[in-house]
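What follows is a single structure, written as C-alpha cells, with notes after it.
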Number of protein chains: 4
Amino acid sequence: MDNIISRKTEDKKELKRQAILKAAADVFSKKGYIETSIKDITNEASISVGSFYSYFNNKEEILLQIFDEISNMSMNAASESSKALKDNVIEQFTTSMTSAICIYAKNKEFAKILFVKSMGINELFENKRTEILDRTTIYLKKLLEHLNTKHLCGIDNIEISSVLITHSIFGVITNWLDERLKCNIKDIISSLCTYHLKALNIDYTAENINKYIDNVLEAYYKELLN
Amino acid sequence: MDNIISRKTEDKKELKRQAILKAAADVFSKKGYIETSIKDITNEASISVGSFYSYFNNKEEILLQIFDEISNMSMNAASESSKALKDNVIEQFTTSMTSAICIYAKNKEFAKILFVKSMGINELFENKRTEILDRTTIYLKKLLEHLNTKHLCGIDNIEISSVLITHSIFGVITNWLDERLKCNIKDIISSLCTYHLKALNIDYTAENINKYIDNVLEAYYKELLN
Amino acid sequence: MDNIISRKTEDKKELKRQAILKAAADVFSKKGYIETSIKDITNEASISVGSFYSYFNNKEEILLQIFDEISNMSMNAASESSKALKDNVIEQFTTSMTSAICIYAKNKEFAKILFVKSMGINELFENKRTEILDRTTIYLKKLLEHLNTKHLCGIDNIEISSVLITHSIFGVITNWLDERLKCNIKDIISSLCTYHLKALNIDYTAENINKYIDNVLEAYYKELLN
Amino acid sequence: MDNIISRKTEDKKELKRQAILKAAADVFSKKGYIETSIKDITNEASISVGSFYSYFNNKEEILLQIFDEISNMSMNAASESSKALKDNVIEQFTTSMTSAICIYAKNKEFAKILFVKSMGINELFENKRTEILDRTTIYLKKLLEHLNTKHLCGIDNIEISSVLITHSIFGVITNWLDERLKCNIKDIISSLCTYHLKALNIDYTAENINKYIDNVLEAYYKELLN
DNA sequence: GATGAATGAGTGTTCATTCAT
DNA sequence: CATGAATGAACACTCATTCAT
C-alpha cells in the first residue's frame, strides 16, 4: 500500500522533473545558458524558485541533465537504427545518417543547446558536450573501418575523416536549425549522403538514397514530413 | 617635430592596444568570454582596470575587436592565396584550403575563440561570428559553382555542400586545436583535401596534393612545420 | 482564504517598503543623496543589498519615491487645512501657514531632503523637486489674487511676491531644521504670519494669530508642542 | 631683476588660476558639482589634467575657492554700497538690496553654484555655503535692529525676520536665474523692496524706490539694464 | 612647467542559492 | 511539499588623483 503511494509520488516527481527540464531546454535554446536566469526557467515552468531547487541542485545540474537527455535520445536512435543492421552498406549509411539527423530535427531545442548555446561556457560543459558529439565520430570511425576493409573505399586517415563527417553533419544541421539553410530536411539528408558516399567511393543511385531516407522518415519521423 | 612625437605616442598606444587584445584573446580562449573578468584580462596584460577602459569602452567591445582581428587575418590570407590564382583546380583548391587552415593553426587563441569560446553568448556575438564564418561558405559556394560548370563534379545542392565543407574544415581544426586529433597539421590538410576532392569527382594524386601543401607552408607558414 | 494570505503578504511588503524608505530618508537627510551608498541604506534598514533591489529598481527610484511621499504629505496637509475654509482671511492665512510648516516640522528628514539634500544633483531630481515646491507658490498666488481683489492689500507683482513668501517660509524652516534658528516652532509660525500679514496690509492682533496657530497645533500636531 | 621675472610669472599663474576658476564655475553652474568631472573642467579651460592639479590640490578645493570668490564679490559689493551710508533709511534699504541682487545677477554662474548646484553634497560645502549666505542675514539683523529702535517698525523677532528676508531674496533670485520668473531684474528688486518696506512699516513712494534702484544700476551695473 | 597615460578604490547592480513560513 | 523573500559574493565600470616623460 505504502509502496503504491510512494510509487505514485515518484512518478509525479519524475513527470514534474521532465516538465522543468523541457521548460529549461526551451529557454536555454532561445537565450542561451548564460542569459537564462533561474527565474526565466521557473516562469516558463510555472513553478517557484524553491521548487526548482528541490528538483535540481543548481543551474549547472539542469544543463548537465539536459545533456543526458540528449545523450539518451541519440543513443536510443542509434541503437534503434542499428537494430536492423542491413548488409547493404548504402542502406546502412543512409539509414543511420537519416536517424541521426532526424533525432536532432525532431528535438530542435536540444539540438540547438548541444550545437550552439552551450559552447564556450566552461570546461565541465565543454567536456560533457564533446563526449556526446564524439559518439557520432566513434560510430563513424567504426563504419569507415568496416568500409575500408570490405569496400575498399580508400580512406587514408580514418581518424580525421570521421571527425570531418561528424562536423559536416552537425554544421549543416545547425545552419538548418538557424534557418540559414532554407530547405526541407530531406534535401539536407540526401545531400549529405550523396556527398559522403561519393567521397567514400561507393556507387549509389539517387533513387535508392531517397527510398532509404523515405523509409526511415515514414517509419519513425512522420511529423518531419509536413 | 610635434608630428613625430604624436606619431610615436600613437604607435605606442596601438602597440599597447594590440598587447591587451592579445592578452584578452589568451584568457578568452582559455576560460571563455563569460568566465573571463576584466580583472583576468588586466592581470594577464599587466595593466590596471582603468587602463583597460582607456583602450576599450567595455567588455563587449574587446571581443568584437578580437573578431575584427580574426576577420582581417582570414580575409588577408584569402586574398593572399587568391592573388596567385592558378588555372589548375586541384592546386587552387589545395592552396586555399591550406591557407585557410594555416591562418587558424597559426593563431590558435583567435581560432579557439571564434570556433568555440564565443558561441551561445548573445545575439550580437552570434551574428558577428556567423558573419565571419560565412565568408568561408560563400567562398566555397563560388568555387563549387565554378567546378560544377567547368569540371562537371556533379554537386546537386551547392548551398548545402558549401556549408558541409566549411563545417568539416572548422570541426577538424577545432579537434586539432583541442588536441583530440593528435596529428600534424599537414595530415589534417591533406586528408581534408583528398576527401573533398574525391567527393567533388576530381582526379588527383597524393603527391601533387602534398606538393601544393608544402609550397604554401614553405612560403608562408614555416613556423608550422616544426 | 488565499486572498487573505496574499493580502497579508502585500501588507507586509508595503510595511517593509515604508521601512526602507524611512531608512533611506534618514541617511539621505544626513549625508545627502550622493554620499549615501546603497550599502548605507541597507545597513540603516538592516536588510541585504539584494532585498533593497527587490523593493526598488535603483538608487534614483528611492529618492523619487521619497519625493512622492513628501508630495503626498504636503498635499494632504493642504487639502486638510483647506477643507475647513474660513471666511476670515487672517484665520485662513494663519491656518494654512501653520499646516504647511507643521507638516515639514513633523517630517524633518523628508523636509531636509527636499529643501537641502536633493539640490544640485541632476535635472531629473531638480525638476521633481521644483514641481513639489512650486505647489506652495501656486497656492500663494491664488491667495494673493484673492486678497488683492477682496482686501485691497496692494501687491503690485503677485508672481514675484508669491515666490518671495514661499522661499521665506522654506528658508526659515531650513534654518530651524538645522538648529541655526534656536526657537520653538510656534515662534517661527507666528513671526512668519505677522511679518507677511503686515506686508499684505492686513490688520491683525497677535492674540488672534496665536489662537489660530494653537488651534491647528492642538488639533493635528500635538507632538510638536513638546 | 629676478624679482621682476618672478613677479611676472606670479601674475601669469594667478591669471591662469582665475581662468580655470571661471571655467570650473561655468561647468559647475551647468552640470552641478557632482556631475562635473575634472576632465569637464580641463576641457572647458583648455588645459591638461596635470595642469589642473598644479593649481588646485583636488576637486573640493576648486569649489571652496569658487566660494571664496563669491564671498569676496558680495563682501566688496556690500562694503561698496555701505561706503556711502545714507541717513535716509529707504534709500539705504533699497540701495543695499539692489547691490546685493545685482552682484548675483551679474555673476549668474557663481550665484547658481551658491544657491543651487552646491547644496546637499557634504558637510564641508554646506558649512562654507551657509557661512556665505549668513552674511546677508547678519547684515539684515543689524539693519532691523537699527530700524526697530529708530523707526519703530515693530518687528518682534529680528532673528527670524532677518532669515525670512534673506531667503526671500535668494529664493526670488534663484527663480529668476532659472528663468521661472520671466521679468527684468528691476521688477525683482522693486517688488522685493516694496514688499519688505511695507512689512517693516516704513512709508515709501514707488517713485523714490525706482529712483534709488536706477541710481545704483546706472552707477555700477549698466550691463544689467540691457 | 605641461602633459595625459596609468592607477585602483569605490559604487551600483545582478542573480544563483538558501530557508523560514 | 511549495513558496518567494532574503542573502551577499561577484562584476563591470567610473573618475579623482598621481607621476614619468
Side-chain angles (χ1 to χ4, degrees), chain A residues 9 12-13 16 33-43 46-62, chain B residues 2 5-6 8-10 12-13 16-17 20 34-42 45-62, chain C residues 2 5-6 8-10 12-13 16-17 20 34-42 45-62, chain D residues 9 12-13 16 33-43 46-62:
Chain A
T9 46
K12 244 187 179 174
K13 269 206 94 165
K16 191 159 180 185
Y33 178 81
I34 295 297
E35 296 221 320
T36 297
S37 68
I38 300 292
K39 280 250 160 84
D40 287 331
I41 297 171
T42 57
N43 285 345
S46 303
I47 55 161
S48 67
V49 187
S51 257
F52 175 89
Y53 278 92
S54 77
Y55 286 89
F56 304 94
N57 288 313
N58 49 46
K59 196 184 168 188
E60 268 194 353
E61 198 177 274
I62 200 166
Chain B
D2 257 27
I5 289 168
S6 89
K8 262 188 184 165
T9 48
E10 282 297 301
K12 243 187 182 170
K13 272 206 94 168
K16 188 158 182 185
R17 211 194 112 264
I20 302 174
I34 295 296
E35 294 223 321
T36 298
S37 70
I38 300 293
K39 280 251 162 84
D40 288 332
I41 297 172
T42 57
S46 301
I47 55 163
S48 68
V49 186
S51 247
F52 175 89
Y53 280 95
S54 81
Y55 287 89
F56 304 93
N57 288 312
N58 48 48
K59 195 182 167 189
E60 265 194 355
E61 200 177 272
I62 201 166
Chain C
D2 256 27
I5 289 168
S6 89
K8 260 188 184 166
T9 48
E10 282 296 301
K12 244 187 182 171
K13 271 207 96 166
K16 188 157 183 187
R17 210 194 112 264
I20 302 173
I34 295 295
E35 296 223 319
T36 298
S37 69
I38 300 291
K39 280 252 161 84
D40 288 332
I41 298 172
T42 56
S46 303
I47 55 163
S48 69
V49 186
S51 247
F52 174 89
Y53 280 93
S54 80
Y55 287 89
F56 304 93
N57 288 311
N58 48 48
K59 195 182 168 190
E60 265 195 353
E61 199 176 272
I62 201 167
Chain D
T9 47
K12 245 188 181 171
K13 269 207 91 163
K16 190 159 179 185
Y33 176 81
I34 295 296
E35 297 221 318
T36 297
S37 68
I38 300 292
K39 279 251 161 86
D40 287 331
I41 298 172
T42 56
N43 284 346
S46 302
I47 55 162
S48 69
V49 187
S51 258
F52 176 89
Y53 278 92
S54 77
Y55 287 89
F56 304 93
N57 289 312
N58 50 46
K59 195 183 169 189
E60 268 194 352
E61 198 177 272
I62 200 165

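The sequence lines fix the lettering, A, B, ..., with proteins before strands; numbering per chain opens at 1.
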Counting any heavy atom closer than 4.0 Å, what does [X] reach on the DNA or RNA strands: base, sugar-phosphate only, or nothing?
{"X": "A:Ser51", "value": "base"}
{"X": "D:Lys39", "value": "nothing"}
{"X": "C:Ser46", "value": "nothing"}
{"X": "A:Thr42", "value": "nothing"}

Which residue, B:Ile34 or C:Val49, contacts DNA chain F at a nucleotide closer to its 5' end, judged by nearest heavy atom?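 With B:Ile34 and C:Val49 compared, the 5'-side residue is C:Val49.
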
Name all residues meeting the side-chain hydrogen bond (donor to acceptor under 3.5 Å, both in side chains) criterion together with B:Ser48; count only those two or more places apart in sequence or in a different chain, and write none if there are none.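 Testing B:Ser48 for side-chain hydrogen bond (donor to acceptor under 3.5 Å, both in side chains), a comparison that skips the adjacent residues, returns none.
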
Which residues pass the side-chain hydrogen bond (donor to acceptor under 3.5 Å, both in side chains) test with B:Ser54, sequence neighbours left out?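 Testing B:Ser54 for side-chain hydrogen bond (donor to acceptor under 3.5 Å, both in side chains), a comparison that skips the adjacent residues, returns none.
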
Please give, in whole Å, the distance from F:dC13 C1' to B:Ile47 CD1? 14 Å

By nearest heavy atom, map A:Tyr33 and B:Gly50 onto DNA chain E; which one lands nearer the 5' end?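 Taking each residue's closest nucleotide, the earlier one in sequence belongs to B:Gly50.
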
Kindly write out the residues that satisfy side-chain contact (heavy atoms from CB on, under 4.5 Å) with [X], not counting sequence neighbours, or none if the list is empty.
{"X": "C:Ile47", "answer": "C:Lys16, C:Ile20, C:Thr42, C:Ala45, C:Ser51, C:Phe52"}
{"X": "D:Glu61", "answer": "D:Phe56, D:Asn57, D:Asn58, D:Gln65"}
{"X": "D:Asn43", "answer": "none"}

Sub-4.0 Å heavy-atom contacts from residues 52-62 of chain C onto DNA chain E, ordered by number: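 Output list: C:Tyr53, C:Asn58, C:Lys59.
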
The ring-ring contact (aromatic ring centres under 6.0 Å, His included) partners of D:Tyr53 (sequence neighbours excluded) come to none

Among all residues two or more places apart in sequence or in another chain, which pass the ring-ring contact (aromatic ring centres under 6.0 Å, His included) test with A:Tyr55?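 So A:Tyr55 forms no ring-ring contact (aromatic ring centres under 6.0 Å, His included) with any residue.
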
Contact summary for A:Lys59 and A:Thr36, nearest pair of heavy atoms: NZ-O, 2.8 Å

For chain C, the stretch of DNA chain E it reaches, first to last nucleotide, under 4.0 Å of its heavy atoms: E:dG12 to E:dC15

End-to-end bend of the helix from E:dA2-F:dT21 to E:dT21-F:dA2 (five-pair axes, 10° rounding)? 0°

